Structures are given as C-alpha cells and as structure tokens.
Amino acid sequence: MSRISVVTGGTRGIGAATAIALKDRGDTVVAVYGYNEERAKVFTAETGIASYRWDVSNFDACLTGIASVEADLGPVDILINNAGITRDGTVHKMDCENWQAVIDTNLGSCFNMSRAVIGGMRERKFGRIVNVGSINGQAGQYGQVNYAAAKSGIHGFTKALAQEGAAQGITVNAIAPGYIDTDMVAAVPDRVLDKIIERIPVGRLGKASEIARAIRFLTDDDAGFITGSTLSINGGQHMY
Ligand code: CAA
C-alpha cells in the first residue's frame, strides 16, 4: 500500500535523502521547507517530490500546511520531524533569540507537526513518526546548550508520544545521528570539525543516505513492534 509521508526540512541534507528513500519505497512524499525556495525548486525538479513551504516552528502554519497537503493528496500516514537549525555559541555569549529559535524550530516543531497529524492517525489506527534527534542531545556539546536541550527534549518527546500512540497503531521513534556530511556540519569551523572527526572511530563523517535508510526501516508497515526507541547512528562516536 502506498503511504503518504511528510518530511520536514525535506529538501536538503538528511531530510532530502530521507524523502528520496521513502519515494523509492513507493510512498507519496511531501518535503516541507522553511526558507530556501531556490533549493526547493531544484529538489522538486530533480526528484519529482512535491515541496511545500511553511514555518514548522509556527503552530498555526503547521495546521494549515497539513490541511493543504491532505486536501491535495490524502491523509498523512508517516511524519518525519527532521527540520532543524543551529545557532552555536557558548552560553555567556548566547542571546535569547538564538536560544529560542533553536528550541522553537527543533523541538517545538515536533509538537506542532505531530499535533497536526495525530488525530487522523488515531482515527485510522495507523501512523509512523520518526523524530531526528542528535548525538549532541545524548552527550551534550560545547557551544550547543540550545541545540542539545532541544535534541534531548526530542528524545523525551519520542518516548512519551510512543506510549500515547502504542495502542492506536502509531509508532514513534527517534534517530540520533552523529556528524553527517551536510550543510549544517559543513558550517562548523574546520579547526573544530577536524578534532571531532578524530573522535569518530569509523574515521569519517556519516552520509545522509545512511540515516535515511534507518528512517525507511522504522517507517515500514511491518515495523509495528518498534516504538519508543532511539537508534544511534554515529560511527561509534558515542555508545549510549
Ligand atoms: N571543549 C572544551 N573547550 C573547548 C571546546 C570543547 N569541545 N571547544 C572549544 N573550546 C575552547 C577553545 O579551546 C577556546 O579556549 P582557548 O581560547 O583557551 O583556546 C575556547 O573554548 C573558545 O573556543 P572558540 O575559539 O571555538 O570560541 P568561539 O566563541 O569562537 O566559538 C563555538 C565557539 C561557536 C561553540 C565553536 O567552538 C563551534 O562552532 N563549535 C562547534 C560546535 C558543534 O559541534 N556544533 C555542531 C554543529 S552540527 C550539528 O549540530 C549536527 C549534529 O546533530 C551532530
């Protein structure tokens, strides 16, 4: 059966690789993006995956956005909460805006998007939600109190929502990627990133496709007994 899947932050990085992996499985996929319209146009032209623009940190925008996806395509079966930003800096230099933006975009979006789809999933007794956390939500990271707090929150959110969905056919799992070869990681200064790569036993950055294949696995129809779990994919950098 062909499922309808929504991937936030779906036109770049891990989100784009995931959207492609789900499309390859046969899903009808929607990639949600926030700002980079140019990139979204190229992505849609190259992949044939529809892209929709809204701000996932805004509750009403998520309700409206999901309503338009469902009007166009039908009920959403699978939600991948992948959208995320960094605003790195040590606490003594961080302003309130950079704290709040990361909390709202990375963690608030998981509530906003889940709230928009969960009612329909409960009615239909089927749903798959995967939230993209991070190694830095598990282990912390210098200069990332905002990001680590949001990602750590995602791991708690996942376990709580998994309990609520379990009897309704809805599974909720998290992925905790390590350092993956994306634009986000490329923004880390080289002198810092080189030291991080030295601490990855596999000896390299991960690939977005290596995360996408795990998300595909967790969202298969026959993955119904896997819920509330966190799958760490980090080249051995943090064994949790
Ligand atoms: N542990 C201890 N001390 C550290 C440190 C660390 N990990 N990193 C830096 N320091 C120290 C430095 O040695 C330096 O001390 P000295 O002046 O005594 O040498 C001091 O802290 C200041 O360091 P910076 O010069 O780097 O300070 P800055 O203010 O210019 O930059 C920063 C701070 C923005 C946090 C910068 O260090 C940085 O960008 N770090 C990368 C953070 C990171 O890993 N982000 C991940 C982004 S990707 C992602 O998040 C995806 C994912 O899920 C994995």
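Computed from a prediction, not measured in an experiment: that's the story for all the values here. Order of appearance sets the numbers: ligands from 1, and atoms from 1 within every ligand.
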Engineer: Distance under 4.0 Å to a non-hydrogen atom of Gln141: what atoms of ligand 1 satisfy this?
Structural biologist: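 In order of numbering, the contacting atoms are 42 (C), 43 (C), 44 (O).
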Engineer: So which heavy atom in the protein is nearest atom 35 (C) of ligand 1, and how far is it from that ligand atom?
Structural biologist: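 Ranked first by proximity to atom 35 (C) of ligand 1 is Gly143 CA, 3.5 Å.
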Engineer: Answer with yes or no whether Lys93 contacts ligand 1, where contact means a heavy atom under 4.0 Å from a ligand atom.
Structural biologist: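 Under 4.0 Å: yes for Lys93.
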Engineer: Heavy-atom distance from atom 18 (O) of ligand 1 to the protein below 4.0 Å?
Structural biologist: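 Protein heavy atoms within 4.0 Å of atom 18 (O) of ligand 1 - there are none.
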Engineer: Is Asn136 close enough to touch ligand 1? Criterion: a residue heavy atom under 4.0 Å from a ligand atom.
Structural biologist: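 Yes; Asn136 lies near enough to ligand 1 that a heavy-atom distance drops under 4.0 Å.
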Engineer: Applying a strict 4.0 Å limit to heavy atoms, is Lys195 in contact with ligand 1?
Structural biologist: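 The answer is no: ligand 1 sits nowhere under 4.0 Å from a heavy atom of Lys195.
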Engineer: At less than 4.0 angstrom from any non-hydrogen atom of Thr86, what atoms of ligand 1 do you find?
Structural biologist: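 Heavy-atom distances to Thr86 below 4.0 Å select 50 (O).
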Engineer: Any side-chain heavy atom of Arg87 sitting closer than 4.5 Å to one from Ile85?
Structural biologist: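 When only atoms from C-beta onward are counted, Ile85 and Arg87 do touch, with a gap below 4.5 Å.
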Engineer: Grab the two heavy atoms, one from Ser152 and one from Gly137, that are nearest each other, plus how far apart they are.
Structural biologist: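 For Ser152 versus Gly137, the nearest heavy atoms are CB-O, 3.4 Å.
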Engineer: Of the options Ile215, Thr230, Thr18, Ile14, which is the one that meets Ile175 in a side-chain contact (heavy atoms from CB on, under 4.5 Å)?
Structural biologist: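 Filter result, single survivor: Ile215.
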Engineer: Under a 4.0 angstrom heavy-atom cut-off, which atoms of ligand 1 come close to Val185?
Structural biologist: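 Counting from 1, the qualifying ligand atoms are 48 (S).
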Engineer: Tell me, which protein residue and heavy-atom name are nearest atom 40 (N) of ligand 1, and how many Å apart are they?
Structural biologist: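 It is Val192 CG1, 3.7 Å.
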Engineer: Considering non-hydrogen atoms only, spot the tightest contact between Gly140 and Ala148 and give its length.
Structural biologist: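 In this case the closest contact between Gly140 and Ala148 is CA-CB, 4.3 Å.
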Engineer: May I ask you to identify the nearest protein heavy atom to atom 31 (O) of ligand 1, giving residue, atom name and distance to one decimal place in Å?
Structural biologist: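 Going by distance alone, atom 31 (O) of ligand 1 is nearest to Arg191 NH2, 4.8 Å.
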Engineer: Within the structure, does Tyr147 bring an N/O atom to less than 3.5 angstrom of an N/O atom in ligand 1?
Structural biologist: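 Yes, Tyr147 has an N/O under 3.5 Å of an N/O on ligand 1.
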Engineer: Answer with yes or no whether the side chains of Arg25 and Ser5 bring together a donor and an acceptor at under 3.5 Å.
Structural biologist: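 No - no donor-acceptor pair under 3.5 Å links their side chains.
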Engineer: Show your working on side chain to side chain contact (heavy atoms under 4.5 Å, CB included) between Arg216 and Leu22 and close with a plain yes or no.
Structural biologist: CA-CA 6 Å; Arg216 184 169 61 186; Leu22 300 186; 4.1 Å; yes
Engineer: For atom 46 (C) of ligand 1, is there a protein heavy atom at a distance under 4.0 Å?
Structural biologist: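 Protein heavy atoms within 4.0 Å of atom 46 (C) of ligand 1 - there is at least one.
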Engineer: Is it true that the NZ or CZ of Arg204 lies under 6.0 Å from the centre of Tyr179's six-membered ring and within 45 degrees of the ring axis?
Structural biologist: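 Judged by the rule (NZ or CZ under 6.0 Å from the ring centre, within 45° of its axis), Arg204 is not positioned above Tyr179.
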Engineer: Do Pro177 and Ile233 touch side chain to side chain, with heavy atoms closer than 4.5 Å?
Structural biologist: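 They are not in side-chain contact.
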Engineer: Among all the protein's heavy atoms, is there at least one whose distance to atom 3 (N) of ligand 1 comes out below 4.0 Å?
Structural biologist: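 Protein heavy atom within 4.0 Å of atom 3 (N) of ligand 1: present.
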Engineer: Would the distance check show the side chain of Thr44 and the main-chain N or O of Ile49 forming a donor-acceptor pair, the cut-off being under 3.5 Å?
Structural biologist: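 Confirmed, Thr44 side chain pairs with Ile49 backbone.
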Engineer: Output the list of atoms in ligand 1 that are nearer than 4.0 Å to some heavy atom of Ser134, sorted by atom number.
Structural biologist: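 Per the distance check, 52 (C), 53 (O), 54 (C).
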Engineer: Is the contact between Gln144 and ligand 1 made by the side chain, the backbone, both, or neither, using heavy atoms and a 4.0 Å cut-off?
Structural biologist: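 Contact part for Gln144 vs ligand 1: side chain (C-beta onward).
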Engineer: Could you verify whether a donor N or O on one side chain and an acceptor N or O on the other, from Ser57 and Asp104, lie under 3.5 Å apart?
Structural biologist: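 Judged by distance alone, the side chains do not pair up.
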Engineer: Heavy-atom distance from atom 27 (O) of ligand 1 to the protein below 4.0 Å?
Structural biologist: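 No, no protein heavy atom sits under 4.0 Å from atom 27 (O) of ligand 1.
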Engineer: Please tell me if atom 12 (C) of ligand 1 is touched by the protein, where touching means a protein heavy-atom distance below 4.0 Å.
Structural biologist: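 No, no protein heavy atom sits under 4.0 Å from atom 12 (C) of ligand 1.
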Engineer: Has the side chain of Thr8 got a donor or acceptor atom that lies under 3.5 Å from a matching backbone atom of Ala83?
Structural biologist: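 Yes; at least one donor-acceptor contact below 3.5 Å.
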Engineer: Could you tell me whether atom 9 (C) of ligand 1 has at least one protein heavy atom nearer than 4.0 Å?
Structural biologist: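 Yes, there is a protein heavy atom closer to it than 4.0 Å.
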Engineer: Do any non-hydrogen protein atoms sit less than 4.0 Å from atom 21 (O) of ligand 1?
Structural biologist: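 True for atom 21 (O) of ligand 1.
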Engineer: If you have a sec, work out which protein heavy atom is nearest atom 39 (O) of ligand 1 and how many Å separate them, to one decimal?
Structural biologist: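 For atom 39 (O) of ligand 1, the nearest protein heavy atom comes out as Pro189 CD, 3.4 Å.
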Engineer: Atom 34 (C) of ligand 1: which of Ile14, Ile85, Asp88, Thr182 has the nearest heavy atom?
Structural biologist: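 Ranked by closest heavy atom to atom 34 (C) of ligand 1, first place is Asp88.
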Engineer: Quick one: does ligand 1 sit under 4.0 Å from the side chain of Ala187, the backbone, both or neither, non-hydrogen atoms only?
Structural biologist: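 Near ligand 1, Ala187 shows nothing, with every heavy atom at 4.0 Å or more.
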Engineer: Are any of the N/O atoms on Tyr142, whether in the backbone or the side chain, positioned under 3.5 angstrom from an N/O atom of ligand 1?
Structural biologist: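 Indeed, backbone or side chain, Tyr142 has an N or O that close.
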Engineer: Give a yes or no on whether a salt bridge exists between Arg128 and Asp220, defined as a side-chain N under 4.0 angstrom from a carboxylate O.
Structural biologist: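 Salt bridge: no.
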Engineer: Scan side-chain atoms only and decide if Gln138 and Ser232 contain a donor-acceptor pair under the 3.5 Å cut-off.
Structural biologist: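 Yes, side-chain donor-acceptor contact under 3.5 Å.
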Engineer: Just to be sure I read this right, does ligand 1 sit under 4.0 Å from the backbone of Ile196, its side chain, both, or neither, counting only heavy atoms?
Structural biologist: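 Just the side chain.
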Engineer: Using the rule side-chain contact (heavy atoms from CB on, under 4.5 Å), only one of Ile129, Ile78, Ile80, Ile226 pairs with Leu218; which is it?
Structural biologist: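 Exactly one candidate clears the test, Ile226.
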Engineer: Distance only, no hydrogens: is a donor on one side chain within 3.5 Å (strictly under) of an acceptor on the other, for Asn173 and Ser229?
Structural biologist: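 Result is yes, a qualifying pair exists.
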Engineer: For Tyr179, take its heavy atoms, then give the atoms of ligand 1 lying under 4.0 Å from any of them.
Structural biologist: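 Answer, ordered by atom number: 43 (C), 44 (O), 46 (C), 54 (C).
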Engineer: Go through ligand 1 atom by atom and flag the ones less than 4.0 Å from a non-hydrogen atom of Val188.
Structural biologist: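 Within the 4.0 Å cut-off of Val188, ligand 1 contributes 41 (C), 45 (N), 46 (C), 47 (C).
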